[in-house]
Enquirer: 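One structure, pasted below without further comment.
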2 protein chains.
Amino acid sequence: MDMTSKLTAAAERLFDRHGYMATGMDRLTQAAGMSSRTLYKHAGSKAELMARVLTERDRRFMARLEVRTVDALFAALEDWVRVEGARGCLFLRSRAETGGDTPEIAEAVAAHKTAFHQRVTEVVSADLGHDDPGLAEQVLVLFEGATHAAVYRGAEAVSAARAAAGILMERART
Amino acid sequence: MDMTSKLTAAAERLFDRHGYMATGMDRLTQAAGMSSRTLYKHAGSKAELMARVLTERDRRFMARLEVRTVDALFAALEDWVRVEGARGCLFLRSRAETGGDTPEIAEAVAAHKTAFHQRVTEVVSADLGHDDPGLAEQVLVLFEGATHAAVYRGAEAVSAARAAAGILMERART
DNA sequence: GGGAATGTAAAACGATCGTTTTACATTGCA
DNA sequence: TGCAATGTAAAACGATCGTTTTACATTCCC
């Protein structure tokens, strides 16, 4: 494992568990097991590092959402929560922590949320057989809600969202 | 307006718009229009101040949710978003920013989320005529989802959640 | 009329922030 | 054999962090 991946992985873990602002670079060098000189050679800056973390996470997350049905969308979220835990959406959290004032971060977040919205819309279309932007918006809201409610309600929030999405899809189908 | 309220109001505005960690006490003294000596007399500490902000916000927010129907719940959220804007849930954001490691903050968040869950459960019961914990969980997820999706989807997310909740309620009623 | 109480302004506290630099060791390739 | 690349360890950078302190002004009440 090269130093850049080791750094990105350590950064994602710390930023996600303790917050972006609350994580100092000292703690990061320690967790990544490298000197600060090496860290900055690969990271550029703290903001660039967070942007790289988000881009990498987008890749991993969106790969899991390569599905054909809305139900599979929520099944994928159940898997994600089981594996990664539920601490809310790292993208929205990063942007909120920086007040949207860090361009690299704001752009990475915007790119992810655009892609996410598009993916949900596509899956709803494929599952239904035709476009339905309003229903897609509802499914997106359920997904986002499951992500955030799971922080304090646990996995139950995701299965509730899954069931609700099932009802909405069934109603749209008939 | 006494100094404590002026301080709490200024703190809520800055913490919400720029983040808790990103907001320094210097900026806070400036915004509140008072010396740091006075600020600390009323605030105790930064963490205590954030906890007071959250408790105050819980009061304001929960007051708006004193309604009888699920539809009114989402109407109240539409109002809230129109007035206060959509930057995600300040409670979840505060806890995430501090990694849950600041007891005053973690406790204020837990208290709010417990109260919120209870309120949603009560409103669903009242609207339906009988208890339905599963449906309440779905409505809670829709509400949480609307709050967070509105950050990037705007008010449309809230009306989508409102419509979805209407469908789920109607189905449960018949 | 004299002391609490409450406020301001500003300096100072040690700690930590993100980042750069200095000095040196190790490796791999021409 | 020798140089370029890549790494470490550690000190230093100025800035800013949350918080306390010093010194002084104002107000209110007994």
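Quick note: numbers below take in every heavy atom, side chains included, and nothing from hydrogens, waters or symmetry partners. Note on naming: letters A, B, ... go to the chains in the order of the sequence lines (proteins, then strands), and numbering restarts at 1 for each one. Given the structure is predicted, the values throughout are model-derived calculations rather than measurements.
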Enquirer: Assess the side chains of A:Thr69 and A:Asp127: does a donor N or O sit below 3.5 Å from an acceptor N or O?
Expert: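 Short answer, no.
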Enquirer: Name the residue closer to the 5' end of DNA chain D, choosing between B:Arg37 and B:Ala47 according to the nucleotide with the nearest heavy atom.
Expert: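 The answer here is B:Ala47.
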Enquirer: Regarding A:Tyr152 and B:Glu144, is there a side-chain donor-to-acceptor distance under 3.5 Å anywhere?
Expert: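 B:Glu144 and A:Tyr152 do have a side-chain donor-acceptor pair below 3.5 Å.
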Enquirer: For A:Tyr40 and D:dA10, give me the distance from atom OH to atom C1', rounded to whole Å.
Expert: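 In whole Å, D:dA10 C1' lies 16 Å from A:Tyr40 OH.
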Enquirer: Output the rounded distance in Å from CE (A:Met25) to P (C:dC17).
Expert: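 After rounding, the reported distance stands at 11 Å.
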Enquirer: Compare side-chain N and O positions of B:Thr38 against OP1 and OP2 of C:dT8 and report whether any pair is under 4.0 Å apart.
Expert: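 For C:dT8, OP1/OP2 do have a side-chain N/O of B:Thr38 under 4.0 Å.
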Enquirer: Once you round it to whole Å, what is the distance between C1' of C:dT16 and NZ of A:Lys46?
Expert: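 It is 11 Å, rounded to the nearest whole Å.
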Enquirer: To the nearest angstrom, how far is A:Leu39 atom CG from C:dC17 atom C1'?
Expert: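 Answer to the nearest Å: 14 Å.
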Enquirer: How close or far is atom P of D:dG7 from atom CG of A:Leu7, stated in whole angstroms?
Expert: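 After rounding, the reported distance stands at 11 Å.
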Enquirer: Looking at A:Ala136 and A:Val124, what are the two nearest heavy atoms and their distance?
Expert: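 Scanning both residues, the minimum pair turns out to be CA-CG2, 3.9 Å.
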Enquirer: Within less than 4.0 Å of OP1 or OP2 of C:dG7, is there a side-chain N or O belonging to B:His42?
Expert: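 For C:dG7, OP1/OP2 do have a side-chain N/O of B:His42 under 4.0 Å.
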Enquirer: Checking salt bridge (charged side-chain N to carboxylate O under 4.0 Å, His left out) for the pair A:Arg87/A:Asp16: CA distance, chi angles, key distance, verdict?
Expert: CA-CA 8 Å; A:Arg87 276 171 299 278; A:Asp16 185 35; 3.0 Å; yes
